[in-house]
Protein chains: 2
Amino acid sequence: MPSDLRRPERTFAIRQLCLEFKVTPRALRFYEDKGLLAPARDGMNRVYNHRDRVRLQLILQGKRVGFSLNEIREILDLYDHNDGGAAQMARSLRKFRERILALRAQREDIDGAIHALEEGCVRLERQLSGLRPDLLPQAADYDSAMRSRLDAAE
Amino acid sequence: MPSDLRRPERTFAIRQLCLEFKVTPRALRFYEDKGLLAPARDGMNRVYNHRDRVRLQLILQGKRVGFSLNEIREILDLYDHNDGGAAQMARSLRKFRERILALRAQREDIDGAIHALEEGCVRLERQLSGLRPDLLPQAADYDSAMRSRLDAAE
DNA sequence: TCTCGCGTTTACGTCAACGTCAAACCTGGC
DNA sequence: GCCAGGTTTGACGTTGACGTAAACGCGAGA
């Protein structure tokens, strides 16, 4: 009986989701307070199903890209009951496009920041190589350290 | 006497910078409290010079890409007095590279979110076009509205 | 002279997103 | 029967980034 994560009838205790997604129980309960999650109950205990798990994934992705919990809730709500009429769907569509534009702008900012920092790096490397070239490899180590970390993450 | 914004000797009152960058005086004073700005004084009044203006631009860009004020202060400090020794410079370099990696990761997340939202848009458009195609152009208006806004910003 | 409007400082308020702690509950194992 | 360990619900604490209110200074204009 290999209980697969992808089997839709599979349920999860709070602990399991916390371990899997590296969040605290407090966070999950907080999301529930705010209306982002609504797990079932077994007696007093929360029981998360496949849909709750997906929602949690979306919540965390949303947070990573800078959405507030309120915005995330809005989006989830839109996703959920856009059977609530065509007008509702049109509003969702507008919201989504708005978000896309905002995210594109944010990406531009990030690219700008990356370029600025890269220029700063070049400047520092130039100065350091003329001053104390022995200190340079330390920084270069970082890349290989990162590469191995990325490998490990895969 | 056309006082050009780019002339380095040009100075600014607090309100001018506030209007230009859409921030409140409270914010500028707050940044000063936190050591991110240090404008000169004319009596009791703050006088911002060209360098302060550039720093403010950097602060706001930093905020947009998700840096905390503390992180921004660190970066500005590093930029400022990396004459504080080669070891300091090496540390700056490491910090910069760290930041670059973090920003790249953030960009990946954003790209993911954009794709997800675009898929959502496609889905909604499909459903809407079969249901109430008359509601679609409203959303499309948004693009042209944005284009004109971008034009105005230039 | 008096009042505006903008500036200043100091101090407290707020909001989001949880952390932390307490007190109670259920459950399995000894 | 009882204890440890995980869960529940409050309730208060915390941090960052300001907002807001009070009280005052100061030069320009009616």
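The model shown is predicted, which means the values in this text are computed figures rather than measured ones. Residue numbers begin at 1 in each chain, while the letters A, B, ... track the order of the sequences.
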Rounded distance in Å - NZ (A:Lys22) to P (C:dG19) =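 Taking NZ of A:Lys22 and P of C:dG19, I get 15 Å after rounding.
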
inquiry  = Please determine whether a side-chain nitrogen of the Lys or Arg among A:Arg126 and A:Glu119 lies less than 4.0 Å from a carboxylate oxygen of the Asp or Glu.
reply    =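 Judged by the 4.0 Å cut-off on N to carboxylate O distance, A:Arg126 and A:Glu119 do not form a salt bridge.
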
ask   = Is there side-chain contact between B:Pro25 and B:Arg15, with at least one heavy-atom pair below 4.5 Å?
value =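 They are not in side-chain contact.
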
query = For B:Arg73, does the CZ atom have more than 12 heavy-atom neighbours from other residues, nucleotides or ligands under 6.0 Å away?
reply =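 Atom CZ in B:Arg73 is packed in, count exceeds 12.
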
query = Atom CG of B:Leu60 and atom P of D:dA17: how far apart are they, to the nearest Å?
reply =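 In whole Å, D:dA17 P and B:Leu60 CG are 13 Å from each other.
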
request  = Run the salt-bridge test on A:Arg97 and B:Glu125 with the 4.0 Å N-O cut-off and return the result as yes or no.
outcome  =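 Counted as a salt bridge, because a side-chain N and a carboxylate O are separated by less than 4.0 Å.
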
request  = Calculate the interatomic distance between B:Leu19 atom CG and C:dC6 atom C1'; express it in whole Å.
outcome  =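 Computing the B:Leu19:CG to C:dC6:C1' distance gives 12 Å.
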
key: Distance in angstrom units between B:Glu32 CD and D:dC18 P, rounded   =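 Roughly 15 Å, once rounded to whole Å.
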
ask   = Under 4.0 Å between a side-chain N or O of A:Arg46 and OP1 or OP2 of D:dT8?
value =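 Result: yes.
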
ask   = Considering only side-chain heavy atoms of B:Arg26, which listed nucleotide, D:dT7, C:dA11, C:dT8, is closest?
value =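 In terms of side-chain proximity for B:Arg26, the closest of D:dT7, C:dA11, C:dT8 is C:dA11.
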
task = Can you tell me the distance, in whole Å, between the CG atom of A:Leu37 and the P atom of C:dC18?
result =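 From A:Leu37 CG to C:dC18 P: 12 Å.
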
query = Charged N to carboxylate O below 4.0 Å: is that the case for B:Glu118 and A:Arg104?
reply =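 Result for this pair is yes, salt bridge flagged.
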
query = Nearest to the side chain of B:Asn45, which nucleotide is it out of D:dC18, C:dG7, C:dT9?
reply =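 Nearest nucleotide to the side chain: C:dG7.
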
inquiry  = So, OP1 or OP2 of D:dC18: does either fall under 4.0 Å of a side-chain N or O from B:Thr24?
reply    =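 For D:dC18, neither OP1 nor OP2 has a side-chain N or O of B:Thr24 closer than 4.0 Å.
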
query = If only side-chain N and O atoms of A:Lys63 are considered, is one of them under 4.0 Å from the OP1 or OP2 phosphate oxygen of C:dA16?
reply =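 The answer is no; no side-chain N or O of A:Lys63 sits under 4.0 Å from OP1 or OP2.
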
ask   = Counting any heavy atom closer than 4.0 Å, what does B:Lys34 reach on the DNA or RNA strands: base, sugar-phosphate only, or nothing?
value =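 No contact at all - B:Lys34 keeps every heavy atom at 4.0 Å or more from the nucleic acid.
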
inquiry  = Looking at B:Arg73, I'd like to know whether one of its side-chain N or O atoms comes within less than 4.0 Å of OP1 or OP2 on D:dA17.
reply    =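 No, because none of the side-chain N or O atoms of B:Arg73 sits under 4.0 Å from OP1 or OP2 of D:dA17.
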
query = Side chain of A:Arg15, base of D:dG6: donor and acceptor closer than 3.5 Å?
reply =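 Counting by modelled atom types and ignoring angles, no donor-acceptor contact under 3.5 Å is found here.
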
query = Can a side chain N or O of B:Tyr31 be found less than 4.0 Å away from OP1 or OP2 on D:dC18?
reply =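 B:Tyr31 to D:dC18 OP1/OP2: side-chain N or O found under 4.0 Å.
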
request  = Ignoring the backbone of A:Met44, work out which of D:dT8, C:dA17, D:dC18 is nearest its side chain.
outcome  =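 Nearest to the side chain of A:Met44 among the choices is D:dT8.
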
key: B:Ile14 CD1 - D:dC26 P separation (whole Å)   =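 Going from B:Ile14 (CD1) to D:dC26 (P), I get 18 Å.
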
query = How close or far is atom C1' of D:dT7 from atom CG of A:Leu28, stated in whole angstroms?
reply =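 So the CG-C1' distance, A:Leu28 to D:dT7, works out to 13 Å.
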
ask   = Between C:dC18 atom P and A:Leu36 atom CG, what is the distance in whole Å?
value =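 Spelled out: CG on A:Leu36 to P on C:dC18 is 10 Å.
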
message = With hydrogens left out and only the distance checked, is there a donor-acceptor pair under 3.5 Å joining A:Arg29's side chain and the base of D:dT9?
response =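 It does not, because no donor-acceptor pair links the side chain of A:Arg29 to the base of D:dT9 below 3.5 Å.
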
